[in-house]
Amino acid sequence: MPELLRIESLSAGYGEAVVLHDVSLALGEGQTLALLGRNGTGKTTLMNTIAGATRQHAGTITLGGVALHKLAPHQRAAAGIGWVPQERNIFRSLTVHENLTAVARAGKWTPDGVYAMFPRLAERKTNLGTQLSGGEQQMLAVGRALVVNPKLLLLDEPLEGLAPIIVEELLAAIRRITREEGLSAIIVEQHPQAVLAISDEAVVLDRGTVVHASSAQALSAQPEVLERLLGVSR
Amino acid sequence: EEAFKIGLILPMTGQQATTGRQIEAAAKLYMAQNGDTVAGRKVQLIIKDDTSLPDVTRRLAQELVVNDKVNVLAGFGITPSAMATAPIATQSKTPQVVMAAATSAITEASPYIVRTSFTLPQVSVALADWAPKNGIKTVVTLVSDYGPGIDAEKFFKDRLTFNGGKVTESLRVPLRNPDFAPFLQKVRDAKPDALFVFVPSGAGSAVMKQFLERGMDKAGIKLIATGDVTDDDQLNDMGDGALGVVTSHHYSAAHPSAMNKKFVEAFGKANKGLRPNFMAVGGYDGMRVIYEALKKTGGKGGGDALLAAMKGQIFESPRGPVFIDAQTRDIVQNVYLRKVEKKDGQLYNVEFDVIKDVKDPGKNK
Amino acid sequence: MSDVVLSCKGLVKRFGGITATNNVTLELKRGARHALIGPNGAGKTTLINLLTGVLEPTEGSITLEGRDITKLAPHLRVRSGMVRTFQINQLFASMTPLETLALVVSQHRGLGASIWKRLGADAAVTQRCTELLEQFRLAEVMNQRTEHLAYGKRRLLEIAIALACEPRVLLLDEPVAGVPAGEREELLQTVAALPADVSVLLIEHDMDLVFSFANRMTVLVNGTVLTEGDPDQIANDPEVKAVYLGHGEDAHA
Amino acid sequence: MLTILFDGIAYGMLLFVLAVGLAVTMGLMNFINLAHGAFAMAGGYVTVLLMQHAGVPFLVCLPIAFVIPALIGAVLERTLYRPLYNKPHLDQVLFSIGLTFMAVAAVDFFVGSTQQIIQLPEWLKGRTEIGSGDWILGMGHYRLFIIAVCAALTVALQFVLAKTRFGSRLRASVDDQRVAAGLGINVNIVFLSTFAVGSGLAGLGGALGAEVLGLDPSFPLKFMIYFLIVVAVGGTSSITGPLLAALLLGVADVAGKYYIPKMGAFIVYTLMIVILIWRPQGLFVRSGGKT
Amino acid sequence: MNAAQKSLLQASRWRAWEPALWAAAFIAPMVLPSHAAIINEIAIVALFAMSLDLVLGFTGIVSLGHAAFFGFGAYSAALFAKHVMPDPLVGLAVAIAGCTLLGAVASLTIQRGSDLTRLMVTLGFALILLELANKLDWLTGGADGLQGVILGPVLGMFAFDLGGKTAAYYSLAVLLVFFVLARRLVHSPFGATLEAIRDNRLRAMAIGIPVSSRIAVVYTIAAALAGAAGALLAQTTGFASLDVFEFHRSADVMLILVVGGTGWLYGGIAGAIVFKLMQDALSAITPQYWTFWIGLFLVVLVLVGRERLLKPWTWFAKKGGAA
Ligand SMILES: Nc1ncnc2c1ncn2[C@@H]1O[C@H](COP(=O)(O)OP(=O)(O)OP(=O)(O)O)[C@@H](O)[C@H]1O
Ligand SMILES: Nc1ncnc2c1ncn2[C@@H]1O[C@H](COP(=O)(O)OP(=O)(O)OP(=O)(O)O)[C@@H](O)[C@H]1O
Ligand SMILES: [Mg+2]
Ligand SMILES: [Mg+2]
């Protein structure tokens, strides 16, 4: 299995504040990484840094051989990044459909594919971004990342605010997409068990550094580690 | 000995800026031509920009009088500015020479005001005298809706009626009016013999253009106006459409006198070929009135003495003979009827008739 | 006094062609711990917006403490004791938590229109603020501008504001969204600890919390009430499982 | 009757050409650019100076009057405007007013404060009349020309914004610059080109409008109110909104001044207030548009 | 007193520099008698800007038509002095009363819509008043302005002098009185509800604040203050003309306020001092092109930032940190 993403000695933050220190990790094609950690440990910051939305101080990010850290944010999408930001950030003056078409790139995933996955969105095609329920916005954010047709999906708390049944469906869909289409994904989540079940790798952050890296299976088999690192036992 | 100070308050920025520039240039020209020492006393000009805000004019006048101890206040682009300053002139006994503002009532606001510009009634009635004699019986008036405009409308109408003509309709356009189309269309539908116009210089060319565009000349309507409309400052850019427009005013850059020729030439030379307009001549003559008064008082220049010396001055101006009426302190002057003509490839208001020694009719009411 | 505090009858809300709320009839009992669940876009938030007067219903009526409030202005409903929280934080960015709470408490105690008194001059008000700040662990950040607070703190403030209004009826819209798993329970504890006669309507997708909190549940689907019952009934309802819970939630049965 | 209608439409169209650039920068980019009038003035002066000093024909001047302000706009966007997108609106007001003051004084310094007058080519000067009696329709050729240019512009702009992805990419960038960039939209280029086009449109408007409205250094301040009225009444979410608003205001103004000249200046302001109180988001916004 | 109360009251305490500033203001006309006229003008503009700060800075309601009240106050005071009685304080009170009424009526027009909507509605309101004043020329003197306004001495003792000293003290005193009132207002619970409305209207409603009536009240109060400023202008200049209603009055006062900074009451005062002095100095140097330099100042102010411009020592410190 060839390697897709490699991050080495990354440090980044906001303005002068450095949030991430010396973070390194790697991910193979078609693999899913669960990124865990308590509140405010820098998970979102890591995702944003890969997407190019924070200030990077040091280190390298390569995606399929391309030096991502040298690219402007909008070029990273072309290089294969699909980003679901934590706060959803739906474009509020665009309709659902425009939200998708504005960023779509040629490839397998089209707006129609997204509608098939989330039928709810198809019914709300002409609603403006602000006229969606919280969960619908979350679905749209995921769909919007898919139509970029990326190699790597960055999903920042994608399950927040979704109905349990949709959570199940979405997790299944992510698993299917990574398995069948060779897409890779990084998922940040508050509920570790749910994501560990569908992930291959797991990384835990604490105060901006990697404090644990193993296979997902290995981590879920160690409840005491979860308890210690995340403060949850479930 | 201390210098003799003239505080010249003018609008130097904003929409009235051209007024200020013309007067400033003329005042400086006068000083260049006549030296800056009069009766042994150095004359100093202090120029202030009031941005056409009367309260600023007033404050500047106050400061000039109290701090700079000016001997004369001069300038004043718009009527409210002159009016707002009047109490200061009265209180401080400082002569106030109004070089531009043209509403009739200004000179009544303070016994220290002397005017060297003109009044709108003065030039409007001249046109109302001329029109009926030249086949114009029915007229529609179109004036800007503010003091001077209403003055012009009223005096034109009264005099025309007196002369047997008839004003069939009186239109007033808002001061801020980008498009004259509806008003002109109304005039066109009314089909008078002539349209009488007063708008502040600047808007004049727009009226004229739209007048032509609407084919009103072809419909047999004549355009007659006060001289503001064919302001010398802009006349040349208006193009041939302006040819033949009849206006009445007290000054034309084409006034055929030796003195004026010299004035126009010197003015142009000093200002990159700029042509002096009626504002400039008001400033030029205002300076003369001040200089002569200073001479007469032997360089002493107390307020009351200066004022007394200003009253009754009779002299030859670039515009022709003028006289500062001792009673009203307003200017008495010839009003000319002019037609726009081309001379040496340039457009000029060429005088073809004159009504001599016109007093401001506003004062007889 | 009747047992029902807040109720709505035949409530309908249409946005253009979309019917977000479709003939909803609901009763909230005094002292209830009532949960409102349902798929995304079922109309839960919309219902709260209707009850609180942010939106105007197309049809139907709302009654609070026996009084018809369908047409009542939003702020007057608050004065009648109905208070809500927002799914997405709605805070006063330029104020500190202390100022925010002082304002809310003053307003609640009828001092909001006083022009001459200084904010904070009233000792009873500041006493209450201090209590709230302690209770929600906001005391150490009470003088920082709200916009500079960490997300978790802001979420706490969001709920503290609602409680500062001393509600008789409290409507909570996904109060723990974005709060880490470990802290969620604790947050709901403060709500659960409200006086017994305060009625609470809770919207939440975290089923662990919902089932540990609620003693009554209503399921909303496509704008209509699918079913209502106690937690056991709902957890075992096959229809609810099919449209909402999925298979992972059998544990609650 | 018809003539009045025609004049009103032409006047409205003129207002629209002048305001459309502002609708783009303010409505779509959410930047309060009160220096809009300064770009319009630039277009006007480019035309006047080229015609007077270089003898360039009017029709050739128009595209140049678009291009030069667009270039100026592009340069200013890169250097000065960009850091201000995220600043509060009041700072934008302050900044753009400051820029306007500078432009006004600079033009005054270099060109002088007198009114500039454009000499139209002969074929634009005349007038055509159709019909007779009450139904006579008199059309000034220049006004016809304005209507034609304006119609073409509207169609083109509407096409770009509605039918191409550019429109939605622009609005996406305005809504959330950071996320738009993260999803592959080249925000800088989108803003740069939009701002340049907005400035260019202003310049074109200035060139077309100078003939009717007159041109002197106080132009940007004098007509700012009119631009704002059009954009406010039309709403800021589309191009058609300001167009319809401009037409409505143009016709109402002309007809009002014709039929009740005494009410002159009141008509536009009263109409504006009534409309805005009735429909605060503007007359022609998409249902439930931005809040 | 607990910690919460202490830090709440801290916010509304008078800082040491405040009395010093006011003392300086009141000494100024004495020490610099030659500048009394401009001190008067600054005080008037500062009051006008402070009034706008109440609606714009504290409540977040933008207005491009604040001159409506300024102008109405000016004409009320001038007409009152001319036709009824020349006492300045009574005239001031009458003008304030008139503007309060007008403000209450106008507050109905600004309840709904976006910033742009409010800008235009307020602007339209002021321009309609301008046109009205122009049309009612039998009363207002139309475009020539209203002359013959002669004011009696303030408190029956201090006649307005040519140097403008009485005027300066009169305006400063009125400014101070209204400043103290406004200061009290913004630090009251009422003031806090205004800020809440500015920050988040939806939430303000959700905690029981009657948003519309609060906006109406503060707008009315601001109208009264603006009217007072207008009245001072008319009284100290003995003149009123149409330009008191003009667009540029409203625009200038907004510029002045934003230059000084919104939302802290001193913004209007600081802005008035900076703007007026700069205008006066620049236009004395170059009467024709001073607007260029004012424009440049505004541009630089925004680009560099108000904070940094006023604290030059931060210019280099920042760079050092980044390197
Ligand atoms: N825009 C910002 N400016 C400055 N500091 C920030 C910003 N966003 C986040 N931080 C800080 O960076 C740190 C890491 O935040 P981050 O959002 O990456 O955490 P997280 O692990 O995603 O937390 P959560 O679980 O709450 O989403 C926090 O201490 C936070 O305060
Ligand atoms: N302003 C609006 N215009 C049109 N449709 C709207 C508007 N607001 C909400 N809707 C639609 O109404 C439906 C109900 O939305 P609501 O926010 O009430 O859902 P919800 O039950 O709270 O969902 P979630 O659990 O995802 O938050 C949604 O499908 C949404 O798209
Ligand atoms: Mg995060
Ligand atoms: Mg919801």
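Among C:Ser114, C:Ser80, C:Ala93, the residue making the largest number of heavy-atom pairs under 4.5 Å with chain E is C:Ser114. Top candidate by heavy-atom pairs under 4.5 Å with chain C, chosen from E:Val186, E:Ile197, E:Thr193, E:Val217, is E:Thr193. Your options are C:Cys129, C:Gly53, C:Ala113, and the one with the most heavy-atom pairs under 4.5 Å with chain E is C:Ala113.
Pairs of residues two or more places apart, or lying in two chains, that qualify as ring-ring contact (aromatic ring centres under 6.0 Å, His included) and include a residue from residues 211-231 of chain E are E:Phe69-E:Tyr219.
A heavy-atom distance below 4.5 Å is found between the side chains of E:Asp199 and C:Met95. Between E:His187 and C:Leu119 the shortest side-chain heavy-atom distance does not fall below 4.5 Å.
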- Going through the checks in order, is the side-chain contact (heavy atoms from CB on, under 4.5 Å) test met by C:Gln127 and E:Asn2? CA-CA 8 Å; C:Gln127 186 53 41; E:Asn2 59 32; 3.5 Å; yes
- Verdict with supporting geometry, E:Arg203 and C:Arg84, side-chain contact (heavy atoms from CB on, under 4.5 Å): CA-CA 10 Å; E:Arg203 189 56 188 248; C:Arg84 71 175 294 185; over 6 Å; no
- Message: For E:Leu202 and C:Phe86: C-alpha separation, side-chain torsions, deciding distance, then whether side-chain contact (heavy atoms from CB on, under 4.5 Å) applies.
- Response: CA-CA 10 Å; E:Leu202 180 64; C:Phe86 290 83; 3.5 Å; yes
- Stepwise, does the side-chain contact (heavy atoms from CB on, under 4.5 Å) test hold for E:Ser12 with C:Arg118? CA-CA 7 Å; E:Ser12 55; C:Arg118 285 155 73 187; 2.9 Å; yes
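Heavy atoms closer than 4.5 Å to chain E are found in the side chain of C:Gln107, but not in its backbone. Using a 4.5 Å cut-off between heavy atoms, C:Ala73 makes no contact with chain E at all.
The closest donor-acceptor contact from the side chain of C:Gln90 to the backbone of E:Asn200 lies at 3.5 Å or more, if one exists at all. Remark: the backbone N or O of C:Trp116 is paired with a side-chain donor or acceptor of E:Arg184 at under 3.5 angstrom.
Contact detail for E:Met205 and C:Pro74: the closest heavy-atom pair is SD-CG, 3.6 Å. Between E:Ala196 and C:Leu103, the closest heavy-atom pair is CB-CD2, 3.5 Å.
Heavy-atom proximity under 4.5 angstrom to chain E picks out C:Ala162, C:Cys165 from residues 162-173 of chain C.
Of the candidates C:Thr96, C:Leu98, C:Thr126, E:Ser7 forms a side-chain contact (heavy atoms from CB on, under 4.5 Å) with just one, namely C:Leu98.
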